Amino acid sequence: MALIRRGAVELIDETELKNKLRSGRRLRVKLGLDPTAPDLHLGHTVVINKLRHFQELGHQVQFLIGDFTGMIGDPTGRNQTRPPLTREQILANADTYKDQVFKILDREKTEVLFNSTWSNPLGAEGIIRLAAKYTVSQLLERDDFSRRFNQEKPIALHELLYPLMQGYDSVAMKSDVELGGTDQKFNLLVGRELQKSYGQEPQCILTMPLLEGLDGREKMSKSLGNYVGIAEPPQEIFGKLMSISDELMWRYIELLSFASTATIRGWKDDHPREVKARFAREIVARFHGAAAGERARAEFDSRFRHGALPSDMAETTLAAPAEGLQLTQVLKLSGLAASASEAARAIEQGGVRIDGERVSDRALRLLPGRVVTLQVGKRRVVKVRVT
């Protein structure tokens, strides 16, 4: 129970879970993710790590890819209707999910399922019969639905079906435990109620917190730019984790590190920078291997203690007219800035260097034939060849 409880927010119901554990059987522990984007970030891994804990305890973990529900689009936390993805987008994203989760879970001990397996055969009649088991008033108890309803914002009918279809997954899988973020609590409870309707023993629910992003305020999100992607280069992951505050570091360690509670307690006596570097190396090693973790740490120390540039610096070649390319365009085209306006702001704030020298002229042009090292901030460095 100590391992199951570690980092968790809420367990519904602890007595029920203890009774399930006392039965001596392997529990079916479910985690479902809709493949709505190609890459996972560390925020997604909080709940995947908890699935790993159940795996370490000897239970049957079921990683569910929501290829059916993903085409509906989870309305959780949305103030407007989410545009549905195509079948092709869903399947492409699902392939990357499978590759990424096995950096955390034991591939041989993980059951990977797709909810289209049982949702597609339901057909119109089956979905209507399923819808008869829940009322509109029950669905409107969800905060996001009730808020949009009261604000007279549209709620599409397919969105109301989403919690039912996610709940039906638990019926089809006969789940004993379902994991999810705190924002998924309503959907998880629907699964519990539907299981009762189908004469099954209701699943227990374990919710995990939503991980704050690098800014320490908003939840980690790719759209907010405060994320650490698990498929990012080792140096990028390491540098981002070294940039978090000392206070946030302990939150990340609690939710993301595989070190024991006793080991982490011992880290409290170490210097925060050393603890952060140890943790960053662990995360890089998890997704890129132990050697990459060691190299990332050594390179970080070299760059920020001694001012060296990365040894495996990215390179790009840009074609330019005879009059050259304006610096803001070079920064955008080389991927160092998302837009020309963002590039201009970085220059104005003194965050851009060419060959180690800070530049302040937004109108500066790089002429064909130049090869320069461009740096934005501390971590983003690219060698640019202008032709």
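For the numbers below, each heavy atom of this structure counts, side chains included, while hydrogens, waters and symmetry mates do not. Just so you know, these numbers come straight off a predicted model, no measurement behind them.
Taken from OG1 in T207 to CG in L179, the straight-line distance is 9.5 Å, to the nearest 0.5 Å. Note that CG of L11 and CG of L206 are 5.5 Å apart. Values are rounded to the nearest 0.5 Å. For the atom pair CG (L189) and CD (E141), the distance works out to 10.0 Å, reported to the nearest 0.5 Å. Atom CZ in R278 sits 13.5 Å away from atom CD1 in I283 (nearest 0.5 Å). Atom CG of L140 is separated from atom CG of L160 by 7.0 Å, given to the nearest 0.5 angstrom. Taking CD of E10 as the start and CG of L188 as the end, the distance is 10.0 Å to the nearest 0.5 Å.
S257 places no side-chain N or O within 3.5 Å of a backbone atom of E254 that could act as its donor or acceptor partner. A side-chain donor-acceptor contact under 3.5 Å links R26 to the backbone of G58. Side-chain atoms of Q375 come within 3.5 Å of backbone N or O of G377 as a donor-acceptor pair. Checked by atom type and distance alone, the side chain of Q100 pairs as donor or acceptor with a backbone atom of L40 at under 3.5 Å. Using modelled atom types, one side-chain atom of D176 and one backbone atom of R28 make a donor-acceptor pair closer than 3.5 Å. Between the R281 side chain and the R297 main chain, no donor and acceptor come within less than 3.5 Å of each other. Using a distance-only test at 3.5 Å, with no hydrogens or angles considered, a donor-acceptor pair links the side chain of R148 to the main chain of P154. A donor-acceptor contact shorter than 3.5 Å links the side chain of K276 to the backbone of I244. No donor-acceptor pair under 3.5 Å is formed between the side chain of T263 and the backbone N or O of A259. Between the K50 side chain and the I4 main chain, a donor and an acceptor come within less than 3.5 Å of each other.
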Run the side-chain hydrogen bond (donor to acceptor under 3.5 Å, both in side chains) check on R22 and N19 step by step: do they pass?
-> CA-CA 5 Å; R22 288 191 186 104; N19 288 336; 3.3 Å; yes
*Would S170 and Q203 satisfy side-chain hydrogen bond (donor to acceptor under 3.5 Å, both in side chains), going step by step from the backbone distance to the final call?*
CA-CA 8 Å; S170 295; Q203 65 186 13; 2.8 Å; yes
Check the pair E178, S175 against side-chain hydrogen bond (donor to acceptor under 3.5 Å, both in side chains), reporting the backbone distance first and the verdict last. CA-CA 7 Å; E178 183 168 13; S175 305; 5.8 Å; no
inquiry  = Quick one, V190 with Q166, criterion side-chain contact (heavy atoms from CB on, under 4.5 Å). Give me CA distance, side-chain angles, the key distance, then yes/no.
reply    = CA-CA 8 Å; V190 172; Q166 180 175 329; over 6 Å; no
Review point. Would V61 and K109 satisfy side-chain contact (heavy atoms from CB on, under 4.5 Å), going step by step from the backbone distance to the final call?
Key: CA-CA 7 Å; V61 303; K109 298 178 181 177; 5.9 Å; no
Walk me through whether R52 and E56 qualify under salt bridge (charged side-chain N to carboxylate O under 4.0 Å, His left out). CA-CA 6 Å; R52 175 190 167 105; E56 290 172 350; 3.0 Å; yes
Subject >> Verdict with reasoning, L130 to M165, per side-chain contact (heavy atoms from CB on, under 4.5 Å) >> reply: CA-CA 8 Å; L130 175 62; M165 298 311 302; 3.7 Å; yes
What do the steps show when you test L256 against L211 for side-chain contact (heavy atoms from CB on, under 4.5 Å), and what is the final call?
CA-CA 10 Å; L256 300 172; L211 184 68; 4.0 Å; yes
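Linking Ile, Leu, Val, Met, Phe, Trp and Tyr residues whenever their side-chain heavy atoms come within less than 4.5 Å leaves L366 and V371 in two separate clusters. Both I104 and L42 sit in one connected hydrophobic cluster of ILVMFWY residues. Membership requires side-chain heavy atoms under 4.5 Å apart, directly or through other members. No chain of hydrophobic side-chain contacts below 4.5 Å, direct or via other Ile, Leu, Val, Met, Phe, Trp or Tyr residues, connects L139 to I205. Hydrophobic clustering, with ILVMFWY side chains joined whenever heavy atoms are under 4.5 angstrom apart, keeps L33 apart from L91. Follow the hydrophobic side-chain contacts under 4.5 Å out from L194 and you never reach I12; the two are in separate clusters.
Between F279 and Y252, the two ring planes are perpendicular [angle over 60°; tilted spans 30° to 60°]. Ring geometry for F186 against Y134 counts as perpendicular: the plane angle is over 60°, on a 0 to 90° scale with 30° as the lower cut.
The shortest heavy-atom contact between F300 and R273 is CE2-NH2, 3.4 Å. Of all non-hydrogen atoms in P368 and P321, the two that sit nearest each other are CG-O, 3.4 Å. Residues D67 and I90 come closest through the heavy atom pair CA-CG2, 3.5 Å. Scanning all heavy atoms of the two residues, the minimum distance from I237 to I230 falls at CD1-O, 4.0 Å. R365 approaches G324 most closely through the heavy-atom pair NH1-O, 3.2 Å. The minimum heavy-atom distance linking P121 with S116 is given by the pair CD-O, 3.6 Å.
Side-chain contact check for V171 versus W118: every heavy-atom pair is 4.5 Å or farther apart. The side-chain heavy atoms of L210 and T182, taken from C-beta on, include a pair separated by under 4.5 Å. A heavy-atom distance below 4.5 Å is found between the side chains of L327 and L374. Looking only at side-chain heavy atoms (C-beta outward), T373 and I354 stay at 4.5 Å or farther from each other. F149 has its side chain out of reach of V136: every pair of non-hydrogen atoms, C-beta onward, lies at least 4.5 Å apart. Considering only heavy atoms from C-beta on, Y162 comes within 4.5 Å of N187 through its side chain. Using a 4.5 Å heavy-atom threshold, the side chains of Y168 and L122 count as touching. No side-chain heavy atom of L214 sits under 4.5 Å from any side-chain heavy atom of Y227.
A cation-pi arrangement is present between K133 and Y198, with the terminal nitrogen or guanidinium carbon under 6.0 Å from the aromatic centre and inside a 45° cone about the axis. Cation-pi geometry between R286 and F258 is met: the NZ or CZ atom falls under 6.0 Å from the ring centre, inside 45° of the normal. The cationic atom of K98 (NZ for Lys, CZ for Arg) does not lie both less than 6.0 Å from the six-membered ring centre of F63 and within 45° of the ring axis.
Between the side chains of S339 and E342, no donor-acceptor pair of N or O atoms lies under 3.5 Å.
A salt bridge is absent between E212 and K219; no separation between the charged side-chain nitrogens and carboxylate oxygens falls under 4.0 Å.
Atom CZ of R25 has more than 12 neighbouring heavy atoms from other residues, nucleotides or ligands inside a 6.0 Å radius. Atom CD of E323 is surrounded by more than 12 heavy atoms from other residues, nucleotides or ligands within 6.0 Å.
Among K20, Q195, K196, the one residue that satisfies the side-chain hydrogen bond (donor to acceptor under 3.5 Å, both in side chains) test with E201 is K20.
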